[in-house]
Structure formats: structure tokens, C-alpha cells
Amino acid sequence: MTTTPQTSRTKLSQEAFVQASKVMPGGVSSPVRAYKSVGCDPIFAKSGSGCIVTDIDDNDYIDYVGSYGPLILGHCPDSVVAAMTKAARKGSSFGMPTEAETKLANMVIDAIDSVDQVRFVNSGTEATMSAIRLARAATNKPCIIKCTGCYHGHSDGLLVEAGSGALTLGHPSSPGVPATITDNTLLLPYNDLAAAEKLFAQKADQIAGIILEPIAGNMGTIPPAPGYLQGLRDLCDKHNAILIFDEVMTGFRVHRGCAQTLYGITPDLTCLGKVIGGGMPCAAYGGKAELMQLMAPAGPVYQAGTLSGNPLAMAAGIATLTEVLDPENGVYENLEALSARLQSGLEVAAKTANVPVTVQRVGSMLTCFFTPTANSPVTCFDDVSKCDTEKFATFFRTMLDEGVLLPPSQYETWFVSHAHDEATIDKTIAAAGKAFAAM
Ligand code: HOZ
């Protein structure tokens, strides 16, 4: 990894990182935040407002991390702050049901046809882990299929050939996970329907279900190939397996009815997170009532959580979805227009500088892949692994110096928010022009 000496511009962040590293492994609460693959120390956040994040050295950055997806309305939207403040004054946690849970559940159910009932949890990891438990219980079969390069959180059975931070740090499969657990995880290349058909032909009696990101986002943004999701739906129907869409990243991000509505596919179970919590720790899984009724206490499949359905998280989620789903606000139309502007601006800037890249985008999810040749579609992990991560790191650091904050990995998705505007997108494109030219 080529590194550049850091300037006094980020002096306080560098000092903060030294202190943090003494008391937390790698100095962070989640590995992706450590900037290990981009050759510099992380910057420490002080505050955020709209599409701008400010670090503890008082540098401002146009933010495309967006907390890795939740901040579809940007930082501190008034309605979300007001709702959370009001909720906090009434009590931060009860260990009792609240009506806010029913309200957010109804909003999710109204928006997503495949969901009759929802269970709230605290993180995407919990949502996917629980959905898998439910799929196994419903089918009485042990194996789950996942795709290489997809990331579904860090539960043991899913930490196999995983994307996101696991891939970035070079540990796609983690020590500490017993083979007896991962024996029941079957791997497939993303977007390869023929491979899925072959696996079902060999092992259908063992396969409880498939879990996948309907748009891969944790190895960079990769849309599903035409017919791929429908093909998986058909295989699951034919072989009594459960189709689980991990929409933690795509849910309410790419469409008001999530990726499943965008592509017209009905999964059996859906995992949600990020946007539904409006920046608070909140996730969910849901599906048809006959499946969800297997969950305790309605049924025998156990899953629980002290802070699940937390009132502050519910308030933030309700306020976020209220704003996002109101057609008068034109949130999805605005996100599409801004993100399309960013994509084409990046493509032109890269071409002008003669840097080969492939910019892939679905709605406000986008990745600039440093592919071996320009405009060569990235469809699966094999394609992703041919990208030039050194070039990405150089690009990342220049963008940071230019006041643009990107996710610190080639294998992550950038998120545009409703708080971005044409002027900030154009500033980003100008910064990218400089970054490409300097490569
Ligand atoms: N799914 C998130 C990014 N790919 C995870 C963020 C994290 O691991 O902190």
C-alpha cells in the first residue's frame, strides 16, 4: 500500500486515532472505519449537517458515506431530530411494547407487498441471522446459499467469502468460525443462475434457502443481471426453499417499495436496516404471516432483544419514512437526478484524464470501479477482484484532500442523499477531475 504523509490539516484526527487505538482494537468500533486499505489514518467526525460532515480539525467534507446508507435525508434532518427529541423526553427504553413499533411496522407493510408482519431488531446482522433461522425452521433443512462477495453482517454462518470490511481487510472468511457451522453455508457466484441451478440439482433436499442482496452493495454496487432474481425465485418455488432478500442497504434506498418492487420479484423474507432506522440502530425482518407466525412467542422459533423496537429508533424511522415516502417531497426523483448527474460527471472526468473506470449505479447507490479497461461491467466478485485497489486508494486520498468523503474501500457503495444538491455534485465532479488527473 502506497501511503502519503498526512498533513497538519488532520492533526487532531491523527492524535485522536492514537488515543483510540490504545483502548479499542484498531482504534475503531467497526473495522471499515479504520481506513486501512487506503493508506491514511481515519478522520474523526465532529458533526454533520445536510450533506456535509465536519471533522474534529474543522475540515468540511461532502459526504458520500452517509453512515453506510441510513442517512437518505442527510445529517440531522429537522423532522428526524424533532421526533427523536420528543421521544427521548418520554423515555429511552421500556422493555415493553410501544405504539410506535406498530406504526413503523404498518409503514413497512404498506410499502412492501411481500411483507405482512415484521420483527424489529437492532442491526442488519441480527435481521439476516434471524431470517436464516426462520428459513431453516420453516423448511426443516440445514443449508443456506450465499453469494461470494455479498455481506450479510458478521454472524458465524454468513462470514464466509463475505464482502464489505471483511473483504477490504483480506479476511473474507474469519478465524473463530467453526467449520461445523460454515459446512451448512453453500457458496455461489453472484449473477450466475446456471451455477444456482446446478447446486439445487445436487442438493435441493438440503437447501433451506438463498440469501442475497438483490443489488449487491457490499462489494461495490452491482445490479442483478436480467432474469437472475426471477430465476432464483423459480428455483426456490420448485425446491421448497425460502428466498431471502437482504435489503438492509437497498430497502427504501433504491425505490419506495425497495429493490424487490423495482425488479418485480417477491421474496419470502426481507431483511431491512439502515434507512428504516433513520440513523439509529434499527433493523427488521419480515414476510408473509404464515412464516412470521413461526417466530416466538407466536411460534417456536426463538429470537429476542432488550433494545429491539427502541422508541428513539422507532421515532427516527417513522420520521424518515414519512418524509421519504411522501410523493410530494419527490425524494426518489431527486435522488435519481442527482445520482445520474454524479455518474455522468465522473465518467466524463475519468475519460478526460484517460483513467479507465466503470461507474455502476442503481438510484442513489453508486461505485466507481477502477477496472482494467473503461466501461467494462462488473457483475460478480471475480470482476470486482480485478479492480485496482491501489488506484482507488490514491483517488480516495486526493478526494479527501479536496473535501470529498468517500467510503474508504473499493468494495463499498457511495450514497447520495436528498440533502445533496447540484452544486455539491458539481463540486464533487470537479474534485474527481483533479483526482483522476493526478493519477
Ligand atoms: N454494510 C456496511 C458497509 N458495507 C457495514 C458497515 C460496517 O461494517 O461498519
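Whatever order the structure lists ligands and atoms in, that order sets their numbers, starting from 1.
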Handout entry: Closest to atom 6 (C) of ligand 1 (judged by heavy-atom distance), picking from V248, V32, T125
Key = V32

Handout entry: Any side-chain donor near an acceptor of the partner, E247 and T250, under 3.5 Å
Key = yes

Exercise for the section: Would you check whether R33 has a nitrogen or oxygen atom less than 3.5 angstrom from a nitrogen or oxygen atom of ligand 1? Expected result: no

Exercise for the section: May I ask you to check if ligand 1 and S164 share an N or O to N or O distance below 3.5 Å? Expected result: yes

Problem - Shortest protein contact, atom 4 (N) of ligand 1 (heavy atom only) - result: N218 OD1, 2.4 Å

Problem - Y190 ring center near Y228 ring center (under 6.0 Å) - result: yes

Practice task
Give a yes/no verdict on whether any heavy atom in K274 is under 4.0 Å from an atom of ligand 1.
Solution key: yes

Handout entry: V404/K427 under side chain to side chain contact (heavy atoms under 4.5 Å, CB included): CA gap, chis, key distance, verdict
Key = CA-CA 9 Å; V404 179; K427 270 193 205 166; over 6 Å; no

Handout entry: Geometric N/O contact Y68 with ligand 1, under 3.5 angstrom
Key = no

Problem - Any donor-acceptor N or O pair under 3.5 Å, side chains T398, D401 - result: no

Exercise for the section: State, yes or no, whether a side-chain contact exists between S13 and F17 at a heavy-atom distance under 4.5 Å. Expected result: no

Exercise for the section: Taking the six-membered ring for Trp and the single ring otherwise, decide whether the centroids of F395 and F370 are under 6.0 Å apart. Expected result: yes

Practice task
Measure the distance from atom 7 (C) of ligand 1 to every protein heavy atom, then report the residue, atom name and distance (to 0.1 Å) of the closest one.
Solution key: S30 OG, 3.3 Å

Fill in the blank from the handout: Atoms of ligand 1 under 4.0 Å from any heavy atom of E412, numbered from 1 in the order shown, are 3 (C), 4 (N)

